[in-house]
Protein chains: 2
Amino acid sequence: MDTEITDKGARSVPTLASIAERVGVSVNTVSRALRAPHTVRPELRQRINAAMEELNYVPNRLAGGLSGTRSDIVGVVVTSLYYSEFASIIDTLQSALLERDLQVMLANTRYNADQELKLVRSILSWRPAAIAIIGVDHPPKVVELLKASAIPIIEMWDTDGEVIDTAVGFDHTRVGAAQADHLIAAGYRRIAFIGSVRENDRRAQKRLSGLEIAAAAAGLPEVVKHTAQQGGSPALGERLAFELIEGHPEIDAIACNSDVVAFGALRALKTLGKRVPDDIGVIAFGDNEAAGCVTPPLTTVRPDRERIGKLTAEAILARINGAEPCTTIVEWELVARESTHKKNA
Amino acid sequence: MDTEITDKGARSVPTLASIAERVGVSVNTVSRALRAPHTVRPELRQRINAAMEELNYVPNRLAGGLSGTRSDIVGVVVTSLYYSEFASIIDTLQSALLERDLQVMLANTRYNADQELKLVRSILSWRPAAIAIIGVDHPPKVVELLKASAIPIIEMWDTDGEVIDTAVGFDHTRVGAAQADHLIAAGYRRIAFIGSVRENDRRAQKRLSGLEIAAAAAGLPEVVKHTAQQGGSPALGERLAFELIEGHPEIDAIACNSDVVAFGALRALKTLGKRVPDDIGVIAFGDNEAAGCVTPPLTTVRPDRERIGKLTAEAILARINGAEPCTTIVEWELVARESTHKKNA
DNA sequence: GATCGTTGCGTTACCGTTAACTTTGTGCCA
DNA sequence: TGGCACAAAGTTAACGGTAACGCAACGATC
């Protein structure tokens with residue numbers, strides 16, 4: 001008897017049992033005081049709460065999740081964390097989920113398909129209540145796993161493709177088309193495209209594709225493409241713009257895959273003595289916080305990230321509560337600023 | 001006997017037992033095939049792996065974590081996700097942890113102390129292997145909880161204060177002082193400070209404090225402060241700059257709490273006909289990706305976020321493996337650009 | 001050929017919590 | 001006063017793994 005050291009006094013993490021022992025009730029009563037307080041006598045409830053406070057008790061959700069039915073985790077899989085591309089989606093999403101006591105488990109694939117599989121598997125191993133993931137284009141095995149998991153899957157950002165369950169986003173092909181249309185309406189004719197277009201960045205590919213189709217439909221010469229596999233940055237934009245103009249001096253408009261690339265392109269054009277917007281128009285995508293603050297202010301497409309984050313949270317909650325899957329299109333806006341406002345058009 | 005429906009054929013999530021049953025071995029053997037493959041006969045291991053693949057088996061880490069000793073979760077608590085303030089820290093941190101199969105559980109306090117307590121509690125309830133958190137200034141209850149948790153706590157970004165366990169960052173007071181010194185050396189005398197300085201943003205307060213002390217030490221008139229509680233943005237910077245110049249036309253230098261605020265301030269100054277850097281110098285903090293692309297290019301302080309993320313990951317792994325707590329100072333750099341390069345100094 | 005260490009697998013006992021039942025106590029009404 | 005509903009607590013059995021231990025089969029050793 002005395003050889004069995006329970007060691008309750010040691011600096012071990014307190015459990016329900018510690019509380020129960022101290023208060024002199026059963027483990028289940030303590031559990032109930034947490035989950036269904038009204039089923040426990042007020043006086044007793046108070047004593048239990050006091051003991052929890054005193055021992056700095058924090059429930060063990062590993063055990064709770066294993067035993068119960070809920071897991072309270074929402075997996076969020078993004079393709080990038082750099083710059084503000086998806087940060088504000090995560091921000092609103094996380095904050096909305098927090099109100100329902102759902103925890104975000106984050107994974108960043110960095111546009112790597114193998115990584116995506118590994119990360120999705122890893123997140124699934126936590127038995128999340130739902131998963132929100134960027135894009136609708138995933139490796140077959142990822143789709144298989146997500147489908148087999150039988151939990152709500154919300155695909156964000158892109159809606160153009162085979163949706164697994166529910167999607168919240170927009171059609172990136174149309175964004176590219178709108179960019180082309182805007183440039184054409186502004187009087188530009190020789191359109192080029194620069195930026196980071198990674199192998200697994202289907203959204204960038206779709207925008208480019210939309211741009212090309214719209215340009216071709218308007219009878220314009222073929223879009224000159226100059227892209228890179230590395231991540232977008234001002235430095236990349238600067239280099240690509242230099243090389244582009246060197247090889248294609250006839251270009252009079254540049255569509256950039258992202259604002260940060262456009263920032264660098266603007267710098268390169270200034271160095272080259274090209275006037276924006278009169279000699280060359282520049283349009284981009286993303287609505288970076290600085291887009292309106294560069295010289296000249298940058299025409300860009302503003303996706304409503306806050307709204308996507310918020311609607312994704314709502315979709316997750318709805319699906320958890322049994323609502324049907326659906327696809328929600330979130331509007332974007334082409335913000336016309338000076339960089340495409342040709343005076344002599 | 002036949003009344004007991006085990007229902008193994010139903011679309012339920014497969015467990016070790018499902019695999020074991022299908023292969024005809026014990027549960028533990030399947031578990032071993034995962035954790036210690038060399039202890040299982042190759043032929044059998046293959047059959048087990050095949051069954052797992054076929055059934056899309058994903059281990060349940062809730063169970064694993066409850067039973068085993070490790071949890072493989074690292075909690076990451078940031079104060080903001082907007083813009084790129086902490087995104088690249090999270091990016092490098094997450095990516096480095098991934099190599100050791102550690103999952104990031106993310107929480108964003110939005111500079112709200114109550115939220116911080118709630119979030120820390122929530123993260124602790126997942127029994128993480130470690131917690132990385134922004135800042136060294138936390139509410140007493142948060143500190144108590146973190147200390148009581150007996151896991152490695154890495155405080156990031158700021159090192160100036162009472163460190164709970166291990167810290168990776170820098171002293172923000174010195175940043176403010178360096179900003180003042182730079183402005184003074186560049187020939188400015190009437191320094192103002194604008195930006196978002198939230199009640200719980202001790203780092204911003206420290207930078208401001210450093211600026212004031214250094215200005216006073218140089219015999220300059222008192223720093224004019226014009227701050228706001230809302231989050232930093234170009235729009236905020238624009239408004240604050242307008243109001244500042246209206247009330248204090250004598251100002252010849254503005255230190256901004258963040259680059260995005262400076263972007264707006266530059267725009268306001270241009271509107272007001274003030275020339276930067278000749279009439280007014282502008283310096284900021286953060287090294288936003290666009291800082292070098294605005295007009296004029298913005299002088300700012302560049303914290304090494306990638307390095308902080310990487311060193312934090314290393315500190316976490318080291319502490320988990322029993323290394324002693326320590327504080328690591330990560331160097332920052334004052335990037336002098338045109339916005340403080342007064343020609344007639 | 002008895003002994004022994006090794007390999008390869010099965011048994012069993014938890015981990016901390018929840019959920020379904022069971023038990024006990026209490027007030028109310030017929 | 002018996003019966004019954006209901007509230008408040010306890011009992012017990014999972015949940016899906018892991019880890020310590022047990023044990024048979026096997027080859028190597030003396």
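Reminder, nothing fancy here: chain letters follow the sequence lines and each chain counts from 1.
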*Has the side chain of A:Asn28 got a donor or acceptor atom sitting under 3.5 Å from an opposite partner on the base of D:dT11?*
yes
*Could you state the CZ-P distance from B:Arg47 to C:dG8, rounded to the nearest angstrom?*
15 Å
*Below 4.0 angstrom from OP1 or OP2 of C:dC9, is there any side-chain N or O of B:Arg41?*
yes
_Heavy atoms of other groups near B:Lys141 NZ, more than 12 under 6.0 Å_ = yes
*Could you tell me the separation between the CG atom of B:Leu16 and the P atom of C:dC15, rounded to a whole number of Å?*
20 Å
*Phosphate-side-chain proximity, B:Ser31 and D:dT18, N/O vs OP1/OP2 below 4.0 Å*: yes
*Interatomic distance, B:Met52 CE vs D:dG17 P [rounded to whole Å]*: 9 Å
*Counting just side-chain N and O atoms, does B:Tyr57 come under 4.0 Å of either OP1 or OP2 of D:dG16?*
no
*Which nucleotide, D:dG16, D:dA9, C:dT17, lies nearest any side-chain atom of A:Val40?*
D:dA9
_In whole Å, I'd like the distance from the CZ atom of A:Arg45 to the C1' atom of D:dA8._
12 Å
*Residue A:Arg307 excluded, over 12 heavy atoms near CZ under 6.0 Å*: no
*Let me know, please, whether B:Gly65 or B:Arg32 comes out on the 5' side of the other along DNA chain D by nearest nucleotide.*
B:Gly65
*Write down the distance between CG (B:Leu62) and C1' (D:dC15), rounded to a whole number of angstrom.*
10 Å
*A:Leu66 has an atom CG; how far is it from atom P of C:dG16, in whole Å?*
12 Å
*Which residue lies more 5' along DNA chain C, comparing A:Arg61 with B:Thr29 via nearest heavy atoms*: B:Thr29
*CZ of A:Arg127 versus C1' of D:dG16: gap in Å, rounded?*
9 Å
*Any luck finding a side-chain donor-acceptor pair between B:Arg61 and A:Ser122 under 3.5 Å?*
yes
*Do any side-chain nitrogens or oxygens of B:Ser67 fall under 4.0 Å of OP1 or OP2 in D:dG17?*
no
*Take atom CG of B:Leu44 and atom P of C:dT7, then tell me their distance rounded to the nearest Å.*
17 Å
*asked:* Is the phosphate of C:dA19 approached by A:Arg35 (side-chain N or O, under 4.0 Å from OP1 or OP2)?
replied: yes
*Does the side chain of B:Lys147 pick up a donor-acceptor pair with the side chain of A:Asn56 at under 3.5 Å?*
no
_A quick test of your reading: do over 12 heavy atoms of other residues, nucleotides or ligands sit less than 6.0 Å from CD of A:Glu199?_
no
*Does A:Thr39 place a side-chain N or O at less than 4.0 Å from the phosphate oxygens OP1/OP2 of D:dA8?*
no
*Does B:Ser26 have a side-chain nitrogen or oxygen under 4.0 Å from the phosphate oxygens OP1 or OP2 of C:dC9?*
no
